[in-house]
Amino acid sequence: MLDLKELKKMKKSSTLEVKSAKLGLPKSIWSTYSAMANTDGGIIVLGVKETSEGFKVVGIEKPDLMIKEIWNVLNNKEKVSVNLLTNKDIFIQEVEGKSVIIINVIKADREYKPVFIDNNPLSGTYRRNYEGDYHVSKEEYLLMVRDSSYISQDMKVLDYMGLDVFNYGSVRSFRQRMRVVRPGHVWEELDDEDFLLRISAISLGKDGLRHPTGAGLLMFGDEYNIVREFNNYFLDYQERYDENTRWSHRIISSSGEWSGNVYDFYFKVYNQLIQDLKIPFKMERSVRIDDTDVHKALREVLLNAVSNADYYGRQGIVVIKDRLKITVANPGDFRIDIDEAKSGGVSDPRNATILKMFNLIDMGERSGSGIPSIMTTWRKRGWQEISITTTKDPDRTIVELPFFEENTGFCESLIVGDKLKKIGDKSKKSAIKGDNGPKIGDKKPKINSMTKDMIYRYLSEHGASSTLEIAVAIGLSVSRTRDYLREMVKDKSIKSVGANRNRYYEL
């Protein structure tokens with residue numbers, strides 16, 4: 001609530017605007033109303049003038065008549081697209097013996113956006129920043145229009161595409177994961193096409209034929225087909241451990257070396273993120289459990305990004321892992337208030353169908369508990385607070401997960417064997433890069449036991465798999481994966497069956 005006793009000490013901001021209204025109701029009030037409603041809400045004070053020395057109360061002579069005029073305009077569809085206010089949001093208050101009018105503009109729910117004026121959706125739509133009100137770009141306007149729909153953005157049926165856009169290696173991998181977590185499911189015996197129909201990756205088009213949905217294309221399509229619909233689609237993972245190089249390792253959707261779809265990106269990136277994490281030894285029913293609250297939190301962060309991204313927006317999803325933190329950024333702002341997201345209990349994913357698909361393989365929940373559980377995990381570890389911010393033009397959501405501990409000065413998650421490495425330690429690079437550590441002879445990196453564990457876990461979940469399938473799952477090249485598989489066959493932890501292109505591996 002605005003404390004008008006402190007008014008003279010205040011300054012204009014993205015959520016506070018003052019107007020003298022000495023000559024009557026100012027026309028600029030409506031662009032401010034649109035801007036605040038389309039951004040984070042705010043307060044407009046009429047009867048206050050901004051001077052070089054701060055705010056000065058000038059008062060309103062006939063405040064009741066001005067309020068009546070405000071209500072007349074708010075309820076005029078030719079002037080304002082939607083009235084978001086109630087009687088309690090506009091009132092008169094006495095300040096320094098003078099009457100001022102307070103207008104509390106609430107943030108519009110996405111169903112009402114864009115809030116525009118003068119019956120012109122594009123040129124009459126504004127947003128708010130610290131410099132005042134500004135016309136939205138066409139990109140910002142279109143995002144608000146897409147988000148206003150009650151139907152999930154990714155349920156669009158792509159009538160111009162056939163079922164040949166799918167990468168069936170990705171589909172097969174997804175179905176293998178689902179068999180592990182949901183054995184005996186009623187969809188297990190369906191052929192691929194009927195299965196994809198059941199999970200909403202395929203739907204009937206206007207022509208009565210089956211076509212991919214936006215979710216199906218994003219999850220299981222090949223990148224060169226995905227960009228036909230989502231022109232700005234781009235997925236990028238970077239490891240930045242050396243300040244003298246741009247990245248130490250990178251995975252991008254446009255490389256042509258893998259499918260480039262959301263499903264494969266999720267698991268490739270997740271497997272890279274966890275390579276440096278401590279994995280406790282824990283047995284449950286004679287099976288080793290290699291999962292921690294941090295593993296779960298990282299899965300949730302990635303899932304939030306891929307299920308809330310605006311895939312029509314600019315810059316794509318970018319995940320950066322450096323020595324001190326992990327940063328996950330996606331196009332599109334939060335569809336609910338950030339404080340509300342931190343409290344939990346509310347879920348409004350931009351791509352509800354993609355989230356539903358991940359739910360089928362036990363990734364994520366629809367309870368709105370993701371962000372609170374991530375923050376709780378970080379607090380329990382004693383790490384710095386997670387940062388969640390949004391930017392405008394283009395709209396982006398940025399989540400930063402710092403691993404650096406303020407009290408101890410080292411990063412708990414980066415290890416060599418059982419020893420923690422201080423950030424300033426000269427040996428930190430070999431600790432962080434893991435697979436790029438000591439050499440065997442003078443050609444290939446030493447086999448990393450943690451990566452072998454990842455392969456073992458993958459085969460225990462998915463059964464017999466090809467080199468390519470394993471490589472995609474653990475995020476390594478096929479040739480490097482083959483080195484690991486040879487070593488594991490040699491020490492008899494796995495076995496190979498078949499030869500050449502027909503060769504596969506199993507426990």
Side-chain angles (χ1 to χ4, degrees), residues 110 143 146-147 149-158 161 163 165-168 170-175 177-178 181-182 187 192 195-203 211-223 225-237 253 259-270 298-313 316-319 328-336 341 346-371 395-397 399:
R110 63 179 178 83
L143 172 58
R146 289 194 297 271
D147 276 350
S149 174
Y150 286 100
I151 300 173
S152 177
Q153 184 182 114
D154 58 355
M155 271 306 292
K156 179 180 179 181
V157 182
L158 308 177
M161 287 187 172
L163 304 186
V165 299
F166 292 116
N167 181 302
Y168 284 93
S170 299
V171 174
R172 186 166 62 251
S173 173
F174 181 90
R175 298 194 68 174
R177 289 182 186 276
M178 188 170 166
V181 300
R182 299 177 186 272
W187 298 341
D192 285 341
F195 175 79
L196 292 172
L197 182 68
R198 296 299 193 283
I199 68 171
S200 301
I202 290 174
S203 189
H211 298 279
T213 62
L217 179 65
L218 288 163
M219 281 287 281
F220 306 119
D222 284 305
E223 186 269 349
N225 283 316
I226 295 173
V227 295
R228 290 166 56 194
E229 172 65 22
F230 304 94
N231 303 147
N232 296 314
Y233 175 83
F234 188 64
L235 309 176
D236 188 2
Y237 170 76
S253 55
S259 67
N261 60 44
V262 168
Y263 169 74
D264 287 336
F265 179 77
Y266 177 92
F267 285 102
K268 288 172 77 70
V269 171
Y270 172 68
L298 291 176
R299 291 197 295 268
E300 196 68 39
V301 168
L302 282 177
L303 188 56
N304 271 322
V306 300
S307 62
N308 286 297
D310 172 31
Y311 290 100
Y312 291 99
I317 297 175
V318 180
V319 181
V328 181
N330 62 266
D333 61 0
F334 254 57
R335 302 228 298 185
I336 60 176
V346 180
S347 177
D348 186 21
R350 185 169 277 113
N351 304 291
T353 313
I354 286 178
L355 181 58
K356 184 184 77 172
M357 292 176 182
F358 275 106
N359 290 163
L360 288 171
I361 53 175
D362 276 6
M363 298 292 163
E365 299 179 8
R366 286 293 300 271
S367 63
S369 61
I371 296 296
D395 285 20
R396 287 185 74 73
T397 299
V399 180

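All residue numbers in this chain count up from 1 along the given sequence.
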Do [X] and [Y] have side-chain heavy atoms sitting under 4.5 Å apart?
X    : Y    : result
P331 : I317 : yes
L217 : F230 : yes
L302 : Y237 : no
L197 : W187 : no
I202 : F220 : no

Shortest non-hydrogen contact from [X] to [Y]?
X    : Y    : result
I354 : A215 : CG1-CB, 3.9 Å
L235 : G260 : CD1-O, 3.7 Å
A305 : V328 : CB-CG1, 3.6 Å
Q153 : A309 : OE1-O, 4.5 Å
G216 : F166 : O-CE2, 3.4 Å
P212 : V165 : CG-CG2, 3.8 Å

With rounding to the nearest 0.5 angstrom, report the [atom1] to [atom2] distance, [X] to [Y].
X    : Y    : atom1 : atom2 : value
N231 : Y312 : CG    : OH    : 9.0 Å
T397 : N304 : OG1   : CG    : 9.5 Å
S259 : I226 : OG    : CD1   : 7.0 Å
R175 : I199 : CZ    : CD1   : 8.5 Å
R228 : L158 : CZ    : CG    : 9.0 Å
F234 : F265 : CZ    : CZ    : 9.0 Å

If we ignore hydrogens and angles and just use 3.5 Å, is the side chain of [X] paired with the main-chain N or O of [Y] as donor and acceptor?
X    : Y    : result
Y266 : R299 : yes
D222 : N225 : no
N359 : M363 : yes
T213 : S200 : yes
N351 : S307 : yes

How are the rings of Y263 and F267 set relative to one another: parallel (under 30°), tilted (30 to 60°) or perpendicular (over 60°)? perpendicular
Which word best sums up how the rings of F195 and F174 line up, parallel for under 30°, tilted for 30 to 60°, or perpendicular for over 60°?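 Judged by the thresholds at 30° and 60°, the geometry between F195 and F174 is tilted.
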Those residues that, when tested against [X], pass salt bridge (Lys or Arg N to Asp or Glu O under 4.0 Å) (two or more places apart):
X    : value
R177 : none
K156 : E229
R198 : none

Just do the side-chain contact (heavy atoms from CB on, under 4.5 Å) check on Y270 and V319 with the steps written out, would you? CA-CA 10 Å; Y270 172 68; V319 181; over 6 Å; no
Flag the pair R172 and D192 as a salt bridge only when some basic side-chain nitrogen lies within less than 4.0 angstrom of an acidic carboxylate oxygen. no
Would you sort out whether D362 and R182 count as a side-chain contact (heavy atoms from CB on, under 4.5 Å), showing the intermediate values? CA-CA 9 Å; D362 276 6; R182 299 177 186 272; 3.7 Å; yes
Among N330, D154, D147, D310, whose side chain to side chain donor-acceptor pair (under 3.5 Å) with R350 holds? D147
